[in-house]
Amino acid sequence: MTLHILAVFFPAFVLVALGYALRRWQVIPDGQWRGINLLNYRVLLPCILFVTIARADLTQAGALPVIALSAGGILLALILSLGVARLLKATARETAALVAVCCVWNVVLFFTLADRLQGAASTQWTGTIAAPALVLATIIIVMAFAGTRDGGMRKALPALARDPVLIACLLAVATALIWPLMPPLMTAEAVDTLLSPLDLAGYGSLALVLICMGAGLDFAALKGRIRLLFSAAAIRSVVIPLFVLVAAGMLGINGNAETLLVLATGGPSAAFVYAVATEFDGETGLTAGMITLTVLASAIALPVLTALTLLG
């Protein structure tokens, strides 16, 4: 069991470490990472999301409790982060950063680990788990950061309307629901042919996205505001996946679906949160520090939590 878990997690986190080393040693200059990150956020990540969610069977047996728990984990993160921010008397900008980091898990890491853990069998649930969580989380983080600026809420709707992650998810959900109603015109083979360019663009870039995730780590940002930093890591990487693990048992979710729910919800925060914080002139330093600490916390907690689901 230990070797199996190590084999699943080790390659992904090595790529994250490689990304940090490449930036630290200036193998790729700082100025070039921005362009690479924009490519990831605006093109490659939407491709990955679309092909994964579009192929999901959102109406399969057992899908409803999985969807509900995926969304429920995001809502709990929202409630807890707002409560902690109030308790710590955080400013509006600090609260926005905390909410955003707690509510978004890293979907690329999830897809990578799910494939290594379960292979082709993981595709039964990855899209079903990702769709509700990412739609809800993207709306929350844009609204959170927009709310800290004068007239920000007026800018939130246009920002949501052009957000590539949200657009990809919504189009993919619509596609997943419509295509089953179209046979024999749209056979499985025809669908795969249409999606193959996006497959090539998306899944061929998983390693690049993980490397960029590592390049975005900022250990200097871990100084100061320790309580906020550790609160973000605790909520994102420990409390939410534990809640999901317990709730899955209560809802009768088991097997691959249970494991993948914990794998998704226990992951670190996503790098695109930093991009949204930058767009709305948010607390970018604090956001970077929180994301960094969630990566470190998840590297320790997520293998243990995943192993618990396999033992159960």
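Since the model is a prediction, treat every value here as computed from it, not as a measurement.
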Quick one: do Leu88 and Ser231 satisfy side-chain contact (heavy atoms from CB on, under 4.5 Å)? Show the steps, please.
-> CA-CA 10 Å; Leu88 297 180; Ser231 295; 3.9 Å; yes
Side-chain donor or acceptor of [X] paired with backbone N/O of [Y] under 3.5 Å:
X: Arg236; Y: Thr265; value: yes
X: Trp33; Y: Ile28; value: yes
X: Gln32; Y: Pro29; value: no
X: Thr294; Y: Ser269; value: yes
X: Thr287; Y: Glu283; value: yes
X: Thr292; Y: Asp218; value: yes

Option among Asn106, Leu109, Leu217 that satisfies the side chain to side chain contact (heavy atoms under 4.5 Å, CB included) test with Val295 |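 Answer after filtering Asn106, Leu109, Leu217: Leu217.
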With a 4.5 Å cut-off on side-chain heavy atoms, are [Y] and [X] touching?
X: Asn40; Y: Phe272; result: no
X: Phe110; Y: Thr52; result: no
X: Leu305; Y: Thr309; result: no
X: Cys169; Y: Thr138; result: no
X: Leu263; Y: Leu260; result: yes
X: Met143; Y: Leu160; result: yes
X: Ile5; Y: Val8; result: no
X: Leu293; Y: Leu222; result: yes

Would [X] and [Y] show up in the same hydrophobic cluster when neighbours are defined by side-chain heavy atoms closer than 4.5 Å?
X: Met213; Y: Trp25; answer: yes
X: Leu166; Y: Ile67; answer: no
X: Val107; Y: Leu38; answer: no
X: Leu64; Y: Val135; answer: no
X: Phe50; Y: Ile139; answer: yes

Looking at residues at least two apart in the chain, or sitting in another chain, which of them share a side-chain hydrogen bond (donor to acceptor under 3.5 Å, both in side chains) with [X]?
X: Thr59; value: Asp57
X: Asn37; value: none
X: Thr128; value: none

Stepwise side-chain contact (heavy atoms from CB on, under 4.5 Å) check, Leu308 with Val262 | CA-CA 10 Å; Leu308 288 177; Val262 172; over 6 Å; no
Which atom of [X] lies closest to which atom of [Y], heavy atoms considered:
X: Glu258; Y: Ala248; answer: CG-CB, 4.0 Å
X: Thr148; Y: Ala92; answer: CG2-O, 3.4 Å
X: Pro46; Y: Tyr41; answer: CD-O, 3.3 Å
X: Leu302; Y: Gly267; answer: CD2-CA, 4.1 Å
X: Thr259; Y: Gln118; answer: CB-NE2, 3.8 Å
X: Trp105; Y: Ala130; answer: CH2-CA, 3.8 Å

Begin from the C-alpha positions of His4 and Leu117 and carry the test side-chain contact (heavy atoms from CB on, under 4.5 Å) through to its verdict.
-> CA-CA 8 Å; His4 179 51; Leu117 183 65; 3.6 Å; yes
Examine the side chains of Ser298 and Ser237 and answer whether a donor and an acceptor come within less than 3.5 Å of each other.
->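 Distance-only check passes for Ser298 and Ser237.
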So does Phe230 have more than 12 non-hydrogen atoms from other groups sitting under 6.0 Å from CZ?
->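 Atom CZ in Phe230 is not packed in, count stays at 12 or less.
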Report the distance from atom [atom1] of [X] to atom [atom2] of [Y], rounding to the nearest 0.5 Å.
X: Arg55; Y: Thr123; atom1: CZ; atom2: OG1; result: 9.0 Å
X: Thr91; Y: Leu286; atom1: OG1; atom2: CG; result: 8.5 Å
X: Leu261; Y: Ile240; atom1: CG; atom2: CD1; result: 12.5 Å
X: Leu75; Y: Ile140; atom1: CG; atom2: CD1; result: 6.0 Å
X: Leu198; Y: Cys47; atom1: CG; atom2: SG; result: 5.0 Å
X: Leu49; Y: Leu171; atom1: CG; atom2: CG; result: 11.5 Å

Please step through side-chain contact (heavy atoms from CB on, under 4.5 Å) for the pair Ile253 and Val66, ending with a clear verdict.
-> CA-CA 7 Å; Ile253 302 172; Val66 170; 4.1 Å; yes
Glu279/Arg42 salt bridge by N-O under 4.0 Å criterion |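 Glu279 and Arg42: not salt-bridged.
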